[in-house]
Amino acid sequence: MHTEVKLDRTAGVLTITLSRPDKKNALTDAMYGVLADAIDSASSDQEVRVILIQGEGDAFTAGNDLGEFAAQAAGSGPAEPNVARFLHNIASTSVPVIAAVQGKAVGVGTTMLLHCDYVILSEDAQLITPFINLALVPEAASSYLLPLRIGHARAFEMFAFGEPLPAATALACGIANKVVPNADLRSEARRVAERIAAKPYGSMTAMKQLMRDVEKLASQMGAERAVFTKRLQSEEAREAFRAFSEKRRPDFSRINGR
Ligand code: COA
């Protein structure tokens, strides 16, 4: 079993735990692979009626591993990154998905929440979408889903500045269902998961399918991926990744990004 993503299947709930706390659960290609497979097999597993995603440590996830982004920018990433499979599966699964989020949820850590059906935040949760700060563009169909969910003005601001959105604000603008004290996050998520698992599964999944336009999401992700891949190889992005590894602020002022 992959040690950085733990899977547990109990009482109809598939719990997926991101478990790389020393790196704030930053997601590697291998971790995306486990996530993608787990969500895929949940759809045909009669023992699974709901998926719960959570993270170990003080952060939900720091998003994509920036070392791997830098390798991809240098042309040495995997030919078919697992992230695309993960995003496709989480966007299209008919199994209800719950997320339990503490601390920072960065990049895909936030955008994956837009594909979840029930989101519980702890009081210290902060949603951060630093794509522009990294000279990238939003992914996971978030360029479509976030404005739809919270309005263009707030979505633009979140993307453009990448500043943390506190839990209470995320709740108020409809990204989350509830905010609970940190100590209660796991138990509350489990309670909600078991409540959903007890509902009639056929009806629940049919409702979910009616609520989501999977084709639209897939086409938006395709469009985003084309731009994202180009941006990833840009001089601006290389500067952003260099700055992260050198623990300094990036300097985009001398790069002509046109
Ligand atoms: N990829 C790879 N490693 C990461 C990472 C990421 N996305 N985020 C954090 N880490 C690593 C750090 O390099 C550090 O490793 P080290 O102990 O070997 O130096 C470790 O995780 C702890 O991170 P640190 O920055 O010291 O923790 P913090 O609590 O001060 O800050 C974050 C946490 C998440 C705010 C900060 O790490 C961060 O901004 N990370 C980058 C997030 C990002 O831009 N993700 C991509 C989104 S598209």
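Since this is a predicted model, take the numbers as computed values, not measurements. Whatever order the structure lists ligands and atoms in, that order sets their numbers, starting from 1.
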Query raised in the report: Can you name the ring pair (Phe, Tyr, Trp, His ring centres under 6.0 Å) partners of Phe241, sequence neighbours left out?
Result: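 For Phe241, the residues satisfying ring pair (Phe, Tyr, Trp, His ring centres under 6.0 Å) (neighbours in sequence not counted) are Phe69.
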
Between [Y] and [X], is the closest basic N to carboxylate O distance under 4.0 Å?
{"X": "Arg242", "Y": "Glu235", "result": "yes"}
{"X": "Lys178", "Y": "Glu188", "result": "yes"}
{"X": "Lys6", "Y": "Glu56", "result": "yes"}
{"X": "Asp58", "Y": "Lys24", "result": "yes"}

So which of [options] gets nearest to [atom], if we judge by its closest heavy atom?
{"atom": "atom 5 (C) of ligand 1", "options": "Ala26, Gly107, Pro130, Ala240", "result": "Ala26"}
{"atom": "atom 24 (P) of ligand 1", "options": "Lys24, Lys247, Gln126", "result": "Lys24"}
{"atom": "atom 46 (C) of ligand 1", "options": "Leu134, Thr61, Ile128, Asp22", "result": "Leu134"}

Any protein heavy-atom neighbour for [atom] (distance below 4.0 angstrom)?
{"atom": "atom 42 (C) of ligand 1", "result": "yes"}
{"atom": "atom 14 (C) of ligand 1", "result": "no"}
{"atom": "atom 30 (O) of ligand 1", "result": "no"}
{"atom": "atom 21 (O) of ligand 1", "result": "yes"}
{"atom": "atom 7 (N) of ligand 1", "result": "yes"}

Looking only at protein heavy atoms, which one is nearest to [atom], and how far off is it?
{"atom": "atom 17 (O) of ligand 1", "value": "Lys23 NZ, 4.3 Å"}
{"atom": "atom 34 (C) of ligand 1", "value": "Ala62 CB, 3.7 Å"}
{"atom": "atom 38 (C) of ligand 1", "value": "Phe244 CE1, 4.1 Å"}

Query raised in the report: Take atom NZ in Lys199; do more than 12 heavy atoms of anything else shown fall under 6.0 Å from it?
Result: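 12 or below, so no.
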
Requested in this report: Give the numbers and elements of all ligand 1 atoms closer than 4.0 Å to a heavy atom of Val106.
Outcome: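 Those of ligand 1 that fall under 4.0 Å from Val106 are 42 (C), 43 (C), 45 (N), 47 (C).
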
Query - Distance filter under 4.0 Å to Lys104 heavy atoms, resulting ligand 1 atoms - result: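 Near Lys104, meaning under 4.0 Å from one of its heavy atoms, ligand 1 has 35 (C).
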
Query raised in the report: When only distance counts, is Leu66 in polar contact with ligand 1, meaning an N/O pair under 3.5 Å?
Result: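 Yes.
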
Report task. Flag the pair Val13 / Glu194 as yes when at least one side-chain heavy-atom distance between them is below 4.5 Å, and no otherwise. Result ->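 Val13 vs Glu194: side chains touch.
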
Query - Exercise: identify the closest heavy-atom pair between Phe159 and Leu146 - result: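 Nearest heavy atoms, Phe159 then Leu146: CZ-CD2, 3.6 Å.
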
Query raised in the report: Between Leu14 and Leu18, is there a shared hydrophobic cluster once you connect ILVMFWY residues whose side-chain heavy atoms come closer than 4.5 Å?
Result: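 Linked, Leu14 and Leu18 end up in one cluster.
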
